[in-house]
Every structure is written in C-alpha cells, then in structure tokens.
Amino acid sequence: MKFIADGMLGKLTRWLRMLGQDVKYSTQFEDEELIATAKKDHRVLLTRDAELYQRAIVRGIDAFYVDGRTEPERLAELAERFGFPLAIDLKRSRCPRCNSKIRSTPKEKLAGKVEKNTFIYYDEFWKCPKCGHIYWQGAHWGSIRATLEEAQRKVKVRSLV
Ligand SMILES: [Zn+2]
C-alpha cells in the first residue's frame, strides 16, 4: 500500500512514515499533479479537500477523505480502512522527513554527530540514508506512544459501533 497526501496533511504524513507507510508528500503539488501521480504510481490519495476527493473518485483514483480532526482520530480511520498496525517498528519505519527507509546504525559511527548527552544515554540509533537525519527513541517517545495508544483505543471504539 502506497499513499500520496495533499499539502494539508504534513503532520499525518510524518506519522504514517514512522509507521512504515510509503507516503509521497509535497506542499508544492497542485491538485492535478496529485491525481496524476496517484494514478501513475498506484498510490491512494489522502485528502482533506472534499472537491479534490470527488474529482479523484470520478476519475477512478483510489482516494480516502480524511475526516478526523486530531492525529489519533485520523490514524484510527486509516488503520481501520487500510488494515495496518498502529505500532512503530523501527525496522520498518521510514524517515518522517523524506520517506526513505531508515537504517539501524552502530552507535560508534555516530560519535560527534549527536549531542554528547544523547550519545551517552541512548544505545540504539537509526539513520536516514537519503537525508542523513539521525533518530533515536528519545524523551519524545512517550508522547509518540501515547498518541498511538489513543488511536488504537479509537479503532476499538469504532469497531464496536
Ligand atoms: Zn530522510
């Protein structure tokens, strides 16, 4: 499953990439470009624009209208519709910034490339081969997990309705 997201869905795009989903995104894409790329690459168009959604559907593009207001609501809708787990497996994660698959990187290779305290406190690091950004399960990891747990609860509630 591959996606392309409209320019209003930058935050959702980063979440989906962390969850391992392949999401093409640029704030520069015009509507026609979004539709053409979705068709050419067989990507599902994710959009908050009802008019764009209708145009895509009429032209036979697989599109999903993102209805939720918060990230947990949106993630729950998407997980339910497309059947992917709402859990981050860093072996499958993509770079939130550029969509490349991140790779586990030995700590010793990163000496001097991350802040000293980060280097001391953490042992596992991942690096994006394309943009070079380095990732670790830092202090923000708790809030990432809380957001995903909230999304999981919403999936459960939706399945009971
Ligand atoms: Zn990257």
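Note that ligands are numbered from 1 as they come in the structure, with each ligand's atoms numbered from 1 the same way.
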> By side-chain hydrogen bond (donor to acceptor under 3.5 Å, both in side chains), which residues pair with Glu80, not counting sequence neighbours?
Replying inline: Arg158

>> Can you confirm whether Glu32 is buried at CD, in the sense that more than 12 heavy atoms of other residues, nucleotides or ligands lie under 6.0 Å from that atom?
In response: yes

>> What I want to find out is whether Arg74 reaches Glu71 closely enough, with some N-O distance under 4.0 Å, to be called a salt bridge.
In response: yes

>> Can you count the protein N/O/S atoms lying under 2.8 Å from the Zn ion (ligand 1), leaving waters out?
In response: 4

>> Under the ring-ring contact (aromatic ring centres under 6.0 Å, His included) definition, can you give me all pairs with a residue in residues 26-49, not counting sequence neighbours?
In response: none

> Can you list every ring-ring contact (aromatic ring centres under 6.0 Å, His included) pair that touches residues 88-111, not counting sequence neighbours?
Replying inline: none

> Are Arg55 and Asp31 within salt-bridge range, i.e. N to O under 4.0 Å?
Replying inline: yes

